[in-house]
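Below is one structure, written out as C-alpha cells; the observations come after it.
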Amino acid sequence: MARLSTLLVAALFFQGSGDLSEAKIAFASKRDGNWEIYVMDADGRRQTRLTTSTVHDRFPIWSPDATRIAFGSERAGMWELWVMNADGGNPRRLTRDIVAKSPRSWSPDGKRILFESDRTGNSEIYSIQDDGTDLKKLTNNSSDDGSPRWSPDGSRITFTSSRDGNPEIYVMRSDGSRQERLTNNPAADGSPVWSRDGTKIAFMSTRDGNREIYVMQGDGGRQTRLTTDDANDDFALWSPDGTRIAFQSIRGENYDIEVIRPDGRQRIRLTTQPRYDGQMSWSPDARLLAFISGRDGYDAVYIVRTDGGQPTRLTTQASLDPMWSQ
C-alpha cells in the first residue's frame with residue numbers, strides 16, 4: 001500500500017511537468033542486502049535492478065547518449081570502474097588494480113571516462129577509453145588533484161589541485177597538457193563545474209570567510225560571488241538550459257538544496273527539513289531535481305520542482321546516487 005501511494009503521489013506530481021517520458025533515473029539501492037544499481041522512470045515507476053553482484057555497486061553516471069552507464073564496483077575485490085548497457089546487459093570492467101571508486105565525467109562524445117585514483121599515494125586524475133583501453137594519467141604531482149569535469153566541447157578539463165599549497169581550480173587540455181591555474185588566493189577554491197555552453201565555471205570558495213558559490217569565465221576572468229550569507233554553500237550544479245545553478249546550503253549540520261540565477265538573483269530554497277538533502281541531479285527539461293533526503297529516517301530518492309513546492313519521494317528503501325539521463 002505504501003508503494004502504491006508513493007507512485008500515485010508521484011504521478012499527480014508530474015502532471016504539467018513537461019514530457020519526461022524518455023527520461024530515466026539511475027540510482028543505487030540497498031534493498032537486496034548490498035548496494036546495487038537500479039533504474040526507474042522519472043515518476044518512480046518500473047524500478048529495475050541492473051546489477052546482481054554480491055558486493056557493492058554504486059555511483060552510476062549515464063553516457064551522453066543514455067545507452068550506457070558507468071559505475072564503481074567492488075566485485076573485483078577492490079573498487080574499480082565498470083560500464084554496462086542501459087538495461088544492465090554486457091557489464092565489463094574498465095580498470096584493473098587502479099583503485100578507482102567512482103567515475104566522474106563522460107567525455108561529450110561518449111568515448112572516454114574521467115576518474116581519480118590514489119593508487120600512487122595521492123589523488124591523481126586519469127581518463128580511459130570506454131572499452132577499457134588507452135588508460136592515461138593526466139596529472140602527476142605530489143599533491144591531490146580531483147573533481148575533474150570535461151568541458152561541453154570536450155577540449156578542456158577543469159579540476160581542483162592543492163599543488164600550490166591550498167586547493168585551487170585549474171584547467172587543462174583533454175590530454176592533460178597545458179595545466180593552468182584559474183584561481184589564486186590563500187583560501188580554498190573547489191568543486192568546479194562547467195556551464196552547458198562552456199563559457200563559465202561555477203565553483204565554491206572560502207575567500208570571504210565561509211563557503212560561498214562563485215562564477216567565473218572559462219579562462220578564470222570575472223570571478224563573481226553569487227551567495228552571501230552565514231551558511232556554507234557548496235556543490236554547485238548548472239541546469240541543462242544554463243539559466244540556474246543548484247547547490248547545497250549547509251546550516252550547522254543541516255544540508256538543504258537551493259537554486260539561484262547565474263547573476264545571483266532569484267535565490268529559492270527548495271528543501272527545509274532538519275535532515276540531509278543533497279546529491280542533486282537536474283531533469284533534462286530543468287524543471288525538476290532528483291535528490292537524496294534522510295527526512296524519513298533513511299536516505300531515499302526524492303524529486304522537487306525547481307520553482308518550489310513540496311518534494312515527492314520516489315523510493316521506499318535506502319537509496320543513494322540519483323543520476324538523471326540527459
Side-chain angles (χ1 to χ4, degrees), residues 1-53 56-73 82-91 102-103 106 237 239-240 246 257 270-271 276-306 309-326:
M1 180 63 70
R3 174 69 181 144
L4 180 60
S5 176
T6 298
L7 290 176
L8 178 59
V9 170
L12 293 173
F13 179 92
F14 267 79
Q15 290 182 1
S17 293
D19 183 14
L20 291 172
S21 59
E22 300 299 321
K24 302 286 184 181
I25 300 173
F27 63 102
S29 177
K30 208 174 184 180
R31 65 189 67 178
D32 294 307
N34 59 295
W35 291 107
E36 300 283 359
I37 306 297
Y38 288 73
V39 69
M40 61 182 165
D41 292 342
D43 61 1
R45 298 176 186 269
R46 294 195 296 178
Q47 297 188 19
T48 304
R49 182 175 174 178
L50 300 186
T51 61
T52 56
S53 65
H56 296 314
D57 297 321
R58 283 192 58 189
F59 314 112
I61 62 171
W62 294 89
S63 63
D65 62 2
T67 63
R68 292 162 294 159
I69 297 173
F71 62 100
S73 177
W82 289 65
V83 68
M84 61 184 167
N85 296 342
D87 62 1
N90 193 26
S102 63
W106 284 84
L237 188 64
S239 63
I257 298 172
L270 299 181
T271 65
Y276 173 84
D277 295 318
Q279 293 189 7
M280 309 88 67
S281 178
W282 286 91
S283 65
D285 64 1
R287 296 186 182 186
L288 303 169
L289 280 172
F291 67 99
I292 292 298
S293 178
R295 65 188 63 195
D296 292 314
Y298 61 93
D299 291 326
V301 179
Y302 286 72
I303 51 174
V304 65
R305 293 183 186 275
T306 54
Q310 185 66 27
T312 297
R313 189 176 69 184
L314 297 187
T315 64
T316 57
Q317 300 89 7
S319 306
L320 291 172
D321 313 321
M323 182 64 64
W324 225 304
S325 65
Q326 300 295 330

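Taking CG of Asp277 as the start and CG of Leu270 as the end, the distance is 9.5 Å to the nearest 0.5 Å. For the atom pair Met40 CE and Lys24 NZ, the distance stands at 11.0 Å (nearest 0.5 Å). Interatomic distance, CG of Asp57 versus CD1 of Ile69, reported as 11.5 Å (0.5 Å rounding). Put simply, CG on Asp41 and CD on Gln47 are 9.5 Å apart, with the number rounded to the nearest 0.5 Å. Distance check: Arg49 CZ to Ile37 CD1 gives 10.5 Å after rounding to the nearest 0.5 Å. With rounding to the nearest 0.5 Å, the separation of CE in Met323 from CZ in Phe59 is 11.0 Å.
Here the side chains of Thr306 and Trp282 are in contact, with some heavy-atom distance below 4.5 Å. Put simply, the side chain of Val304 does not reach to within 4.5 Å of the side chain of Ile257, judged on heavy atoms. Here the side chains of Ser102 and Arg58 are not in contact, with every heavy-atom distance at 4.5 Å or above. In this structure, Asp321 and Trp35 have side chains that are not in contact, with every pair of non-hydrogen atoms separated by 4.5 Å or more. For the pair Trp324 and Ile303, the minimum side-chain heavy-atom distance is below 4.5 Å. Side-chain contact between Val39 and Trp62 is present, with at least one heavy-atom pair separated by less than 4.5 Å. Within the 4.5 Å cutoff, side-chain heavy atoms of Phe291 are placed close to those of Thr271. Between Ser29 and Glu36, the closest side-chain pair of non-hydrogen atoms is not below 4.5 Å.
Shown here for Pro103 and Gly72, the closest heavy-atom pair between the two residues is CD-N, 4.0 Å. Nearest heavy-atom pair across Pro60 and Phe71 is CA-CB, 4.1 Å. Between Ser325 and Pro284 the shortest heavy-atom distance is O-CG, 3.1 Å. Residue Ser281 comes nearest to Leu237 through the heavy atom pair CA-CD2, 4.1 Å, listed as atom of the first residue, atom of the second, then distance. When all heavy atoms of Leu50 and Ala86 are compared, the closest pair comes out as CD1-O, 3.6 Å. For the residue pair Trp106 and Pro64, the shortest heavy atom distance occurs at CB-CD, 3.8 Å.
Panel note: side chain Asn85, backbone Asp87; no donor-acceptor pair is recorded below 3.5 Å. The closest donor-acceptor contact from the side chain of Thr67 to the backbone of Asp65 lies at 3.5 Å or more, if one exists at all.
Among Ile25, Asp299, Val301, the single residue meeting the side-chain contact (heavy atoms from CB on, under 4.5 Å) criterion with Ser319 is Val301.
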- Query: Between Phe27 and Ile292, does a side chain to side chain contact (heavy atoms under 4.5 Å, CB included) hold up when you go through it step by step?
  - Reply: CA-CA 10 Å; Phe27 63 102; Ile292 292 298; over 6 Å; no
